[in-house]
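One structure is given here, and the rest of the page talks about it.
By convention in this document, chain letters (A, B, ...) are assigned in the order of the sequence lines, proteins followed by strands, and residues within each chain are numbered from 1.
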Amino acid sequence: MSKIGMDDKTAILQQIEDEMNKAFSLERAASDEAQAKLFHEKGEALSKEHDRLFDLELEAWSGESIDLLSRIDTSAEQLNEDLEAIRQGLAKAEHLVSALGKLDNFLNELLRIKPS
Amino acid sequence: MTNLRQSRTRWAGVVRSFFPIAAGMMGVLLFAGCATWRTVNEDPFRDFAGSVEALRDGADKALDFSNDWAFERYVGELAEHSTAAEGQGAIENLLFLTKPGDPFYAQLRETPHYLKLRQFRERLWALNSGYVRYTQLLTDLAGSQLLAKGDFEKMAEDLNRNIEDAAGALELGPGDPRPRGLFSTLAMEVFRRYLESRRQEDLQRAIQENQPNVETFAVAGQRAVQLAALGLRHEYDLRFAALARVLTPRADSSARERESAARELVALDRQFLDQLAALQTLSQAYSLLPAAHRELSSAITQPDSFRTAVRALYDEARRLGRLYQRLAEKGSPSAAEAASSH
């Protein structure tokens with residue numbers, strides 16, 4: 001997952017972007033059609049290269065996110081089990097308290113009897 | 001019969017002498033517990049879960065916007081290049097391939113860029129949703145509903161009612177000792193504390209164990225937002241180039257076409273700034289996640305303490321929600337202006 005925050009790929013993509021903008025800018029400033037066409041094609045080629053590298057980055061991110069998602073799912077499962085254990089504990093507490101209530105009843109009955 | 005009577009009388013004496021001691025012990029236990037016992041403060045957990053949900057929705061909306069631009073570019077290029085051999089290749093690529101024996105198979109030779117962006121958006125949604133689920137479970141575990149004091153009080157009431165009924169059936173006279181739920185009341189309190197302690201241990205463990213995952217998740221989220229910003233910038237630059245081409249001195253554009261292009265160019269700049277501001281807020285919110293998650297521990301040990309990171313995350317999430325609400329409203333003030341006003 002360490003690859004996910006890599007900055008060098010960002011720098012490469014930004015560099016291509018800058019080159020593309022420069023080519024389109026030169027296209028706008030060109031004095032004749034032939035020169036403009038040349039810069040336009042260069043800009044388009046750089047745009048395609050940007051798309052290609054960008055797609056690779058998206059795929060790399062997606063691939064690594066699957067691993068992270070699986071770890072998050074495991075944590076969620078563990079939390080689900082913890083919750084279930086506490087709910088079961090609560091049910092057991094109710095049973096025990098009910099049983100002890102009977103003992104209390106018995107004690108109360110004994111208290112009712114006056115010593116002779 | 002006389003022996004039985006004597007034995008019961010003897011037991012009653014024992015109980016009478018034991019009763020004040022046990023009642024006193026229980027009183028001390030309960031008093032000590034009331035003085036030191038603290039339950040989990042669920043509010044920060046709720047704020048945290050709500051923020052993560054807002055983050056997921058914000059990220060989805062951000063990608064929705066740049067995906068639309070990428071899709072429109074794809075369609076435009078397809079039409080523009082359809083006269084060239086390269087354009088024909090792109091059209092051929094749109095035809096789904098078949099697979100013998102599998103009538104449901106539908107695969108393209110090469111996935112177009114806009115579809116890869118869509119897949120990326122789905123993956124980010126799935127990852128964020130997984131994290132939303134985790135935070136919701138944390139909130140459930142921290143929530144007052146789980147070990148509601150009211151439930152225990154209801155149990156106590158039921159027991160006391162049973163004991164009163166039993167006392168009534170035994171026809172206790174006015175001079176008889178009042179019936180008590182000695183063991184059952186004590187057991188209820190002991191159980192409540194045991195479950196509360198178990199809940200707090202589970203929460204602490206979950207937060208500690210997941211801290212590295214949350215840190216990785218925050219980096220992954222920030223990277224996703226960075227990619228979204230790079231993608232948005234690329235689409236913006238291409239749109240800008242296309243509009244600016246109409247406005248060059250060499251271009252054979254009418255005055256009307258030039259005015260329309262100039263208008264679109266200014267609107268494009270505004271849209272781009274709005275989206276960029278939203279992405280920046282999103283990135284900031286992702287960066288706050290690890291500290292906010294770590295701070296949840298204090299909601300267990302110090303329920304009344306002030307939590308700066310959780311509050312900051314919550315504020316960022318609300319700001320993000322407002323930004324997208326304004327973006328959705330036609331003619332609304334610029335999201336960039338809204339962002340700078342906070």
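Note that CG of Leu68(A) is 5.0 Å distant from CG of Leu127(B), once rounded to the nearest 0.5 Å. One distance of note links CD of Glu64(A) with OG1 of Thr216(B); it measures 10.5 Å at 0.5 Å rounding. Taking CE of Met20(A) as the reference point, atom CG of Asp237(B) lies at 4.5 Å (rounded to 0.5 Å).
Between Leu227(B) and Phe54(A), some side-chain heavy-atom pair lies under the 4.5 Å cut-off. Using a 4.5 Å heavy-atom threshold, the side chains of Gln78(A) and Arg205(B) count as touching. In this structure, the side chains of Lys9(A) and Arg223(B) come closer than 4.5 Å at one or more pairs of heavy atoms. Counting only heavy atoms from C-beta outward, the side chains of Leu203(B) and Asp82(A) never approach each other to under 4.5 Å. Contact check for Arg71(A) versus Phe217(B): no side-chain heavy atoms found under the 4.5 Å cut-off. When side chains are defined from C-beta on, Leu124(B) does not count as touching Ser65(A), because their heavy atoms never get closer than 4.5 Å.
One N or O on the side chain of Trp61(A) and one on the backbone of Ala220(B) form a donor-acceptor pair closer than 3.5 Å.
Salt-bridge formation is detected for the pair Arg133(B)/Glu77(A): a Lys NZ or Arg NE/NH1/NH2 atom is positioned less than 4.0 Å from an Asp or Glu carboxylate oxygen.
No part of Ala70(B) comes within reach of chain A, as not one of its non-hydrogen atoms sits under 4.5 angstrom from that chain. With a 4.5 angstrom heavy-atom cutoff, Asn210(B) touches chain A only via side-chain atoms. With a threshold of 4.5 angstrom between heavy atoms, Ala251(B) does not approach chain A through any atom at all. For Leu83(A), the parts lying under 4.5 angstrom from a heavy atom of chain B are both the backbone and the side chain. Interface remark: Leu247(B) contributes no atoms to any contact with chain A (heavy atom separation under 4.5 Å). For Ser25(A), no part lies near chain B; criterion is any non-hydrogen pair under 4.5 Å. Only the side chain of Arg87(A) comes within contact range of chain B, with heavy atoms under 4.5 Å apart.
The 12-atom threshold is not exceeded at CD of Gln15(A), counting heavy atoms of other residues, nucleotides or ligands nearer than 6.0 Å. Within a 6.0 Å sphere centred on NZ of Lys48(A), heavy atoms belonging to other residues, nucleotides or ligands number more than 12. The local environment of CD in Glu110(B) is sparse, with at most 12 non-hydrogen atoms from other residues, nucleotides or ligands closer than 6.0 Å. The number of heavy atoms from other shown groups lying within 6.0 Å of CZ (Arg118(B)) does not exceed 12.
The nearest pair of heavy atoms linking Leu79(A) to Ala206(B) is CD2-CB, 3.7 Å. The shortest heavy-atom contact between Ser47(A) and Leu238(B) is OG-CD1, 3.5 Å. In plain terms, the two heavy atoms of Ile86(A) and Leu195(B) that are nearest each other are O-CD2, 4.1 Å. The two atoms that bring His234(B) and Glu17(A) nearest to each other are ND1-OE1, 2.9 Å, heavy atoms only. Across all non-hydrogen atoms, the minimal contact from Ser75(A) to Asn213(B) is OG-ND2, 3.7 Å. Closest approach of Arg250(B) to Ala36(A), counting heavy atoms only: NH2-CB, 3.5 Å.
Taking Asn21(A), Ile72(A), Asp55(A) one by one and counting their heavy-atom pairs under 4.5 Å with chain B, the maximum is reached by Asp55(A). Ranked by heavy-atom pairs under 4.5 Å with chain A, the first of Arg198(B), Glu209(B), Arg245(B) is Arg245(B).
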Q. Are Arg73(B) and Asp51(A) close enough, and set up right, to give a salt bridge (Lys or Arg N to Asp or Glu O under 4.0 Å), and what steps lead you there?
A. CA-CA 12 Å; Arg73(B) 171 161 69 98; Asp51(A) 280 352; 3.0 Å; yes
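For the pairing with Glu59(A), the side-chain contact (heavy atoms from CB on, under 4.5 Å) check across Lys116(B), Arg123(B), Gln119(B) returns one residue only, Lys116(B).
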